[in-house]
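Taking it in order: structure first as structure tokens, then the write-up.
Owing to the predicted nature of the structure, the values given are computational and were not obtained by experimental measurement. Just so it is clear: chains get the letters A, B, ... in the order the sequence lines come, proteins before strands, and each one is counted from 1.
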There are 2 protein chains.
Amino acid sequence: MPKSDLPNGEPQTIGGFLFDYIHKKGVRHAFGLPGDFALPTFAWLERSKIECVTMTHEPSVGFAADAYARVNGLGLACVTYCVGGLNMLNSIAGAYAERSPVIVISGGPSAKDREGDPLLHHKVKTFDTQRRIYAEVTCANTILLDPRTAAAEIARVVDAVIEHCRPGYIEVPYDVVGEPIVPFDPVQTARRVTDQESLREAIAECTEMINQAKKPVILAGVELHRFKLTDIALAVAEKFNIPIAATLLSKSVIRENHPLYIGVYSGALSEPPCREYVDQSDCVIMLGTFITDMFLGMNTAQLSRSSSILATSEQTRVRFHRYDGVVFGDFLNALKEAKLKKRGKFDNPNPVSESVPLKKDELHDPLRSADVFRILSLHIDDNSVVVTDVGDSLFGAIGLRTGKRNEFIAAAYYCSMGLAVPGTIGVCMADPTKRVFGIVGDGAFQMTGMELSTAAQLGIGPVILLLNNDGYGTQRFILDGKFNDIRMWDYVKVCDVIRAGEPDVVETKGQLDGALRKAVSSNKISLIEVRLDRLDRSQPLKTLTDEMAKLRNPATRTPPPGKSSGKKTAAKK
Amino acid sequence: MPKSDLPNGEPQTIGGFLFDYIHKKGVRHAFGLPGDFALPTFAWLERSKIECVTMTHEPSVGFAADAYARVNGLGLACVTYCVGGLNMLNSIAGAYAERSPVIVISGGPSAKDREGDPLLHHKVKTFDTQRRIYAEVTCANTILLDPRTAAAEIARVVDAVIEHCRPGYIEVPYDVVGEPIVPFDPVQTARRVTDQESLREAIAECTEMINQAKKPVILAGVELHRFKLTDIALAVAEKFNIPIAATLLSKSVIRENHPLYIGVYSGALSEPPCREYVDQSDCVIMLGTFITDMFLGMNTAQLSRSSSILATSEQTRVRFHRYDGVVFGDFLNALKEAKLKKRGKFDNPNPVSESVPLKKDELHDPLRSADVFRILSLHIDDNSVVVTDVGDSLFGAIGLRTGKRNEFIAAAYYCSMGLAVPGTIGVCMADPTKRVFGIVGDGAFQMTGMELSTAAQLGIGPVILLLNNDGYGTQRFILDGKFNDIRMWDYVKVCDVIRAGEPDVVETKGQLDGALRKAVSSNKISLIEVRLDRLDRSQPLKTLTDEMAKLRNPATRTPPPGKSSGKKTAAKK
């Protein structure tokens with residue numbers, strides 16, 4: 001087989017090319033868990049310029065790579081065949097749903113192994129099972145069975161991941177990684193080209209609609225971040241003085257002390273001034289926004305299609321019609337140049353307020369969920385990233401605003417539990433200059449919290465706020481039963497197990513403030529168990545769970561069969 | 001909608017019918033983890049006669065239900081939509097590969113939710129994504145979108161699970177569980193009927209082949225256990241005095257002190273007398289055996305197709321040809337009645353030896369992997385079940401034989417890590433009279449070991465032997481690198497975290513013996529950390545990893561790129 005001559009003049013193997021190609025696209029760290037079919041691939045990874053972080057469990061591999069990708073722009077997860085890949089599926093499904101560009105590399109059996117379809121360990125139904133499954137949660141997939149096409153296939157999948165901001169799947173038979181690469185002619189993927197006539201008509205219609213509106217508002221969606229288009233959208237807002245809200249999934253895409261920024265919109269879950277402004281708007285301009293049930297606050301949002309514009313990477317809609325062939329970035333640029341009228345000075349109904357330090361007389365108050373976010377905001381600065389799990393960790397954070405730019409990462413649409421702890425590891429590796437906070441409930445901590453072991457191994461120091469409300473708190477308010485009960489762990493003893501970390505248990509406002517002060521002055525892992533009442537919840541979570549209870553616990557139709565497990569206060573051992 | 005009149009005279013809901021139907025098939029416990037789309041289903045489960053065990057993480061839900069199914073004959077796993085179901089996929093894939101009859105019930109969005117294909121939380125690509133994925137790892141699947149067909153669909157999937165001994169998938173939209181059931185006429189599934197002429201010819205040919213053989217041997221496969229056909233196979237062996245071996249996957253299907261039993265056959269991994277007997281046999285009768293690479297000892301087995309008979313639920317093969325239309329059970333019954341000649345007294349080359357208690361002068365010897373199984377055998381009795389994870393936990397157990405009947409559960413074909421700890425919970429619930437031992441490596445313990453929390457919650461007392469060899473030991477011998485290193489936990493401190501269990505750390509033979517003696521006299525969880533040298537391995541694992549290194553670490557082709565992480569002794573803090 002001919003050896004290739006790559007720019008650096010060295011002949012390369014497929015394994016070498018694979019990681020070199022991904023490294024050149026900006027990946028500096030991989031998250032992985034090896035297995036026998038993947039060992040040769042891991043060996044080539046270890047030789048490459050990419051540092052590999054071995055995690056303890058595959059669900060965490062996917063979460064860490066996802067969080068890394070959100071900060072870095074591209075992530076990499078390496079696992080073994082089926083027993084590894086299938087165990088990571090949920091995390092990658094979440095990355096697909098929320099457009100996080102993660103490359104999945106899995107080991108696999110050789111072409112020869114597959115002949116005659118024998119029963120090889122790790123095989124489920126057919127040798128193609130894992131690829132078929134991953135096709136459901138990725139934008140491109142390949143099995144490198146033919147060394148002659150391997151390089152082109154690698155480039156095709158990696159480029160698709162970057163273009164679509166969705167995961168892609170590359171299965172590497174164990175015997176091909178050492179094969180010499182065959183040179184290929186890089187084909188520039190045909191980029192989508194905007195239909196200029198459609199664009200002109202769309203912009204003309206939007207211009208008229210926005211100019212006639214008394215109260216237009218921009219909803220800045222997560223695709224602005226994913227496709228690096230935030231600056232253009234913000235320029236539109238600033239040029240014409242149009243206020244701007246974010247969604248939970250895109251929270252922090254706009255710096256939260258921007259004078260035009262009015263908060264996170266999520267229907268009835270929003271802060272009231274933000275909700276009122278958006279619901280009363282006569283022209284809602286949604287840019288890169290996912291119209292999800294969570295964004296709509298479980299359908300409490302009052303958005304009328306007759307007064308909205310929606311532009312995303314997938315569609316351009318004005319009121320009830322659609323313009324085909326309009327590329328999102330082109331639309332934004334044209335909107336910036338459109339003849340929109342400049343509005344007068346904006347009187348922000350929901351400006352960021354300065355964080356109020358704790359008063360002396362409240363130091364001994366028992367903590368409530370809402371306090372946690374207020375106190376956390378005292379310790380967040382320009383350099384902070386907050387990674388939240390679902391539950392009150394996420395919804396309570398709607399009101400978390402600081403006067404400074406910060407980053408916020410959450411599975412705010414897919415809503416899988418378990419992202420926060422492994423996610424902090426991904427963020428720490430993507431940007432070691434950041435102070436990373438993870439906020440996680442006790443239920444989610446029991447799923448992936450032990451991943452702090454990997455943080456210890458790496459010598460990084462995330463601050464973990466473990467909101468302990470004794471069970472699946474969110475669900476208690478929707479429909480309760482014994483199934484929402486979990487065992488009360490002595491959570492901070494996890495530090496003894498992993499032989500690292502600085503534990504703290506807090507029950508009052510003053511204790512949390514003190515623990516956070518200590519945590520941000522340390523470079524070690526801080527694990528702060530925040531004991532909350534079992535029936536405590538933030539206002540947004542109350543709104544959400546009340547709405548969900550109407551759907552899931554229709555007492556009129558289904559007699560509520562839950563034998564509620566009592567209303568004990570949590571966290572008393 | 002009409003209400004049904006079921007045998008008990010009560011009108012029933014779909015939720016009531018679902019769990020009633022499954023309960024009548026013999027399921028007494030479900031393993032689950034609730035989520036909002038599944039809450040109404042969990043509420044009906046809690047009302048039913050089935051006890052629900054809430055686990056900490058979905059991978060464990062699947063493993064516990066799988067182990068339960070292997071002991072009980074049918075198991076049940078309940079999860080929520082996508083974020084739950086996709087997180088359990090690997091465990092269910094293993095149940096598929098190894099024929100474990102697990103019913104998967106997932107919550108799901110309502111029919112109305114799905115109209116217009118909106119973005120609902122937990123959705124990945126389409127509303128059908130999870131069902132399509134589960135179709136790859138189940139024998140039957142359904143979404144109960146139409147209440148009118150729900151009862152028939154439930155019966156169809158549950159019956160298929162029982163018939164095929166493979167997992168099945170039932171997705172329950174949250175709004176249908178409270179709907180009244182619509183009666184259906186149970187359709188007796190058309191059972192496969194044997195083609196009697198084919199059977200006669202097959203038996204005639206087998207009879208001649210076996211009678212002409214000097215040294216026939218039966219390989220008792222796992223399907224004998226799954227389809228409850230062990231007694232017939234054993235009757236064949238006893239009636240004609242034909243020796244019988246098992247496979248790792250079917251270990252303990254035949255009681256291991258049976259005079260005809262010669263051990264676990266797995267090519268070069270076998271105990272030498274067993275390997276020699278099978279490899280020299282001139283007629284190998286494989287009954288319900290999966291021909292896997294693990295069974296073949298990574299292709300070190302010397303089985304000739306020209307002298308073998310293979311009968312399974314899927315095919316009947318003699319030498320190089322196949323008889324279609326022969327049902328496995330009918331073949332076995334006919335073989336029992338065939339005119340096989342009765343052999344003379346069998347001189348067992350590998351009889352079970354009495355366990356030898358530890359001698360005084362070896363009490364202080366450092367432990368090696370092989371000793372663990374010898375010492376464990378001193379504490380195993382008729383009432384014991386051993387659940388092993390992969391690695392030396394599994395392969396080292398090849399030589400674990402006792403004079404008593406015992407049960408052995410392992411992912412010996414699919415070889416996923418993580419089964420042992422949640423698996424012990426499944427077994428304890430399936431048969432509370434058993435003393436259950438879990439054997440798990442440190443790598444697998446870091447994945448699912450915290451599930452001991454659930455054992456504590458249930459008040460059950462499995463004995464966990466945690467074989468700590470400081471990392472992914474099996475893989476070190478195949479291809480080593482930093483990626484095989486994991487953090488050294490202070491494992492027994494897990495008891496402090498879960499606030500239960502009796503910890504022990506052992507480094508000598510005497511210490512292990514003492515710890516096991518204490519463990520079997522206790523009803524509480526015992527967590528025994530067994531400290532092994534990092535480079536220790538049993539003889540079967542040595543054979544296996546040497547073979548795998550030839551495949552995965554072809555130094556001739558791929559220069560071994562691993563920077564070995566040194567040869568420190570494990571478990572020294």
Side-chain angles (χ1 to χ4, degrees), chain A residues 34 36 39-40 42-43 46-47 52 54 56-57 59 82-83 86-87 89-90 93 96-97 119-122 124-125 129 132-133 136-137 174 178 290-294 413 415-416 446-447 450 453 456-457 475 478-479 481-483 487 489-490 493-494 496-499 548 552 557-558 561-562, chain B residues 34 36 39-40 42-43 46-47 52 54 56-57 59 82-83 86-87 89-90 93 96-97 119-122 124-125 129 132-133 136-137 174 178 290-294 413 415-416 446-447 450 453 456-457 475 478-479 481-483 487 489-490 493-494 496-499 548 552 557-558 561-562:
Chain A
D36 77 280
L39 286 173
F42 272 82
E46 194 160 295
R47 276 187 140 184
C52 178
T54 300
T56 71
H57 202 194
C82 289
V83 295
L86 300 185
N87 204 20
L89 192 72
N90 177 56
Y96 183 90
L119 292 178
L120 237 64
H121 68 288
H122 300 350
V124 189
K125 253 184 201 181
T129 297
R132 288 164 60 94
I133 287 172
E136 301 288 336
V137 301
Y174 68 82
F290 290 1
I291 315 294
T292 75
D293 57 348
M294 287 293 150
Y413 161 52
C415 287
S416 176
Q446 291 198 3
M447 294 179 173
M450 297 305 295
S453 168
Q457 199 72 345
Q475 292 169 190
I478 304 172
L479 204 169
K482 275 197 300 180
F483 45 79
R487 187 166 183 83
W489 287 8
D490 193 349
K493 292 278 170 64
V494 163
D496 294 339
V497 175
I498 64 169
R499 299 184 300 114
M548 291 183 99
R552 307 287 189 259
R557 193 174 50 194
T558 313
Chain B
D36 78 278
L39 287 173
F42 272 82
E46 193 159 296
R47 276 188 140 182
C52 179
T54 300
T56 71
H57 201 193
C82 290
V83 295
L86 300 186
N87 204 19
L89 192 72
N90 176 56
Y96 184 91
L119 292 178
L120 238 63
H121 68 288
H122 300 350
V124 188
K125 252 185 204 184
T129 297
R132 289 164 59 95
I133 286 172
E136 301 288 335
V137 301
Y174 68 84
F290 289 1
I291 315 295
T292 74
D293 58 347
M294 287 294 151
Y413 161 51
C415 288
S416 176
Q446 291 198 0
M447 293 179 174
M450 296 306 294
S453 167
Q457 198 72 344
Q475 292 170 190
I478 303 172
L479 203 169
K482 277 197 300 181
F483 44 78
R487 187 167 181 83
W489 287 8
D490 193 350
K493 292 278 169 63
V494 162
D496 294 339
V497 175
I498 65 168
R499 298 184 300 114
M548 290 181 98
R552 306 287 190 259
R557 193 172 49 192
T558 314

Which atoms of [X] come close to chain A, meaning under 4.5 Å heavy atom to heavy atom: side chain ones, backbone ones, both, or neither?
| X | answer |
| --- | --- |
| B:Tyr96 | side chain |
| B:Thr54 | side chain |
| B:Leu39 | both |
| B:Met294 | side chain |

Does [X] reach the main-chain N or O of [Y] with its side chain, forming a donor-acceptor pair under 3.5 Å?
| X | Y | answer |
| --- | --- | --- |
| B:Arg487 | A:Ile498 | yes |
| B:Tyr413 | A:Leu120 | yes |
| A:Asn90 | B:Leu86 | no |

Are any of the side-chain nitrogens in A:Asp490 or B:Arg499 under 4.0 Å away from the carboxylate oxygens of its partner? no
From [atom1] ([X]) to [atom2] ([Y]), nearest 0.5 Å:
| X | Y | atom1 | atom2 | answer |
| --- | --- | --- | --- | --- |
| A:Leu89 | B:Ile133 | CG | CD1 | 5.0 Å |
| B:Thr292 | A:His122 | OG1 | NE2 | 12.0 Å |
| B:Thr129 | A:Glu136 | OG1 | CD | 5.5 Å |
| B:Lys493 | A:Lys493 | NZ | NZ | 9.0 Å |

So which heavy atom on A:Pro59 is nearest to which on B:His57, and how close?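 That closest heavy-atom pairing would be CG-CE1, 4.0 Å.
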Ranking A:Met450, A:Lys125, A:Arg132 by heavy-atom pairs under 4.5 Å to chain B gives rank one to A:Lys125
Heavy-atom pairs under 4.5 Å with chain B - which of A:Met548, A:Gln446, A:Gln475 has more of them than the others? A:Gln475
Against chain A, work out which of B:Ala93, B:Ser416, B:Pro34 has the most heavy-atom pairs shorter than 4.5 Å and name it. B:Pro34
Check whether any side-chain heavy atom of A:Val83 sits under 4.5 Å from a side-chain heavy atom of B:Cys415, and report yes or no.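 No, side chains not in contact.
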